[in-house]
There are 2 protein chains.
Amino acid sequence: MIKKFIDEESGKIVEKSVMNAITIDCVIFGFDNGSLEVLLIEHAEGISKGKWGLPGGWIKKEESIDNAAYRLLRELTGIKDLYLEQLRAFGEPSRFPLDRVITIGYYALIKKDMFNIKAGFTASDAKWYGLNEVENLIYDHNKILEYSLIRLRSKVKRAPIGFNLLPEKFTLLQLMQLYEEILGVQLDKPNFRRKILKMKLLVVLEEKQTNVSHRAAKLYMFDKERYEMLTNKGFIFEV
Amino acid sequence: MIKKFIDEESGKIVEKSVMNAITIDCVIFGFDNGSLEVLLIEHAEGISKGKWGLPGGWIKKEESIDNAAYRLLRELTGIKDLYLEQLRAFGEPSRFPLDRVITIGYYALIKKDMFNIKAGFTASDAKWYGLNEVENLIYDHNKILEYSLIRLRSKVKRAPIGFNLLPEKFTLLQLMQLYEEILGVQLDKPNFRRKILKMKLLVVLEEKQTNVSHRAAKLYMFDKERYEMLTNKGFIFEV
DNA sequence: CAAACTTATAGTTTATTTGACTACAAGGTT
DNA sequence: AACCTTGTAGTCAAATAAACTATAAGTTTG
């Protein structure tokens, strides 16, 4: 597709192609043992062969961008049940060395206990990294990761998306530690309990923890229906 | 550029082009006489000729997406001093009737008193619309507008971007009305004053309003340097 | 088996913030 | 001069958040 532009220096009308290569790159977050991790892959082909970066891929003509992101995650992890949100488009002309490639960043939150990584046919390896173990990634992937963290931190305070990182059943301490880890703050146990329970978003279960070397904590579940009901009434989640 | 994909039904590897046409569309907000407005343009060419939509255009190969958005706004309004932020990419395959076109949405906040609209060579007319005067726009532009409003509302509470819609010098009532209009709430004058002044972000000027038929209010200016200084110390703007 | 230890959970107290409201000041208009 | 509109200062009760104390319910250790 060729379109007309005004050349800013000469003022003349020039014709240029407006076709671009577009990729998707996704930051996948997991929570394990009290720390936040991201899933990185080692590229198996092309100029970035052998280097680590975010999982990603190309968008097909007939699918929406969101669907492309879902498809890529399905190919990589096999899970269908995850939280996925677009970050934004990253389009510095220099971000990709060979051609102009615009990428659309996503981030996903998954329950780590629920799946196995399949490296897939463009990756030779896939591995979880703690946030401060991440070193130099390909292209602008460090920048995308950084941006995803900012978004995650701001979103997690205003919407109950944190639950997507925990198992179905969790204790209040686990939930608190999740918030502590993501937000990088220290929280007070009794105060956190009170605050989160007052929202009435959690269902307390009969079950308790097992195999712990201390008093077993009650297990809770997030009540999504109740959340939506409350939201419609004007309730705003805020930690 | 041709890439390989796994066909999900047959499991075979197929080759597809990954080139896409990408545009930029921008929601431009202005504030006038107590109400929030958006700048729309009437398209002068192509299949949408005669219809109203968001101002937009194509991205050149050698410019970043942000720069493309700046360039388009400059071409349209002539202003260089504005607030600009990317929303996200919109890429439903059906959003554009002829081809697959992915668009990257932006929103801008401008001081309406500072500029004149130039319709430009792809638009036959440009006009400010109050938010509830906006009717059916081309493509998915209503959706982009809706999304921009959600973003504006959430952002304006957490960052002092609202000032970009006001003249350099403004009264506290003007500022309060801006927040009332954007957030759709009623605020209490004394309480709003106290809250906003406590942040120490405003410089009070010697000047007062003129030509008003009531007690003249003091004029204030936003102190950007002070804002950045406070932010570095951990201050968080919140209305 | 009891003491020590760890985490869970309940409750108290104080400081801070928010929200609603009252009162008066400072102009211009009639 | 009376009145109207908006600006500005101050008060007070209610709600919320933050810091802290205390106790309960288990495990582990000696």
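Chain identifiers are assigned alphabetically (A, B, ...) following the order of the sequence lines, protein sequences preceding nucleic acid strands; residue numbering begins at 1 within each chain.
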Handout entry: Of B:Asn191 and A:Leu172, the one whose closest DNA chain C nucleotide lies more 5'
Key =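 That would be A:Leu172.
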
Handout entry: Given DNA chain C, 5'-ward residue of the pair A:Gln209 and B:Arg194, judged by closest heavy atom
Key =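 Nearest-nucleotide comparison on DNA chain C picks A:Gln209.
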
Interatomic distance where [atom1] belongs to [X] and [atom2] belongs to [N] [whole Å]:
| X | N | atom1 | atom2 | answer |
| --- | --- | --- | --- | --- |
| B:Gln186 | C:dG19 | CD | C1' | 14 Å |
| B:Lys208 | C:dG28 | NZ | P | 10 Å |
| B:Ile196 | D:dG7 | CD1 | P | 15 Å |
| A:Glu238 | D:dA15 | CD | C1' | 15 Å |
| A:Lys195 | D:dA18 | NZ | C1' | 10 Å |
| B:Met176 | C:dG19 | CE | P | 13 Å |
| A:Leu187 | D:dA17 | CG | P | 13 Å |
| A:Phe192 | D:dT16 | CZ | P | 18 Å |

Problem - 5'-most by nearest nucleotide on DNA chain D - A:Asp188 or A:Arg215 - result: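 Looking at DNA chain D, the more 5' nearest nucleotide goes with A:Asp188.
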
Handout entry: DNA chain D: 5'-proximal contact among B:Gln174 and A:Lys198 (nearest heavy atom)
Key =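 Checking each residue's closest nucleotide, the 5'-ward one belongs to B:Gln174.
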
Exercise for the section: Just call it for B:Lys189: base, sugar-phosphate, or nothing, with non-hydrogen atoms closer than 4.0 Å on any strand. Expected result: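 B:Lys189: base contact, heavy atoms under 4.0 Å.
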
Exercise for the section: Using a heavy-atom cut-off of under 4.0 Å over every strand shown, decide if B:Leu173 touches base, sugar-phosphate, or nothing. Expected result: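 Since only primed, P, OP1 and OP2 atoms lie under 4.0 Å of B:Leu173, the category is sugar-phosphate.
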
From the list [options], which nucleotide is the closest neighbour of the side chain of [X]?
| X | options | answer |
| --- | --- | --- |
| A:His214 | D:dA19, C:dG27, C:dA8 | C:dA8 |
| B:Arg193 | D:dG7, D:dA19, C:dA8 | D:dG7 |
| B:Lys218 | D:dT8, D:dC20, C:dT29 | D:dT8 |

Exercise for the section: State the CD-OG distance between A:Glu181 and A:Ser35, to the nearest 0.5 angstrom. Expected result: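 These two atoms lie 5.5 Å from each other.
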
Handout entry: Separation between NZ of B:Lys195 and CG of B:Asn191, rounded to the nearest 0.5 Å
Key =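 These two atoms lie 9.0 Å from each other.
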
Practice task
Verify salt bridge (Lys or Arg N to Asp or Glu O under 4.0 Å) between B:Lys127 and B:Glu42, making sure each step is shown before the conclusion.
Solution key: CA-CA 8 Å; B:Lys127 223 170 91 182; B:Glu42 190 183 10; over 6 Å; no

Practice task
Only pairs at least two apart or in different chains count here, so list each side chain to side chain donor-acceptor pair (under 3.5 Å) that has a residue in residues 214-224 of chain A.
Solution key: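 Residue pairs passing side chain to side chain donor-acceptor pair (under 3.5 Å), neighbours aside: none found.
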
Exercise for the section: Look at the rings of B:Tyr107 and B:Phe29 and say which category their plane angle falls in: under 30° parallel, 30 to 60° tilted, over 60° perpendicular. Expected result: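 The arrangement is perpendicular - the two ring planes meet at more than 60°.
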
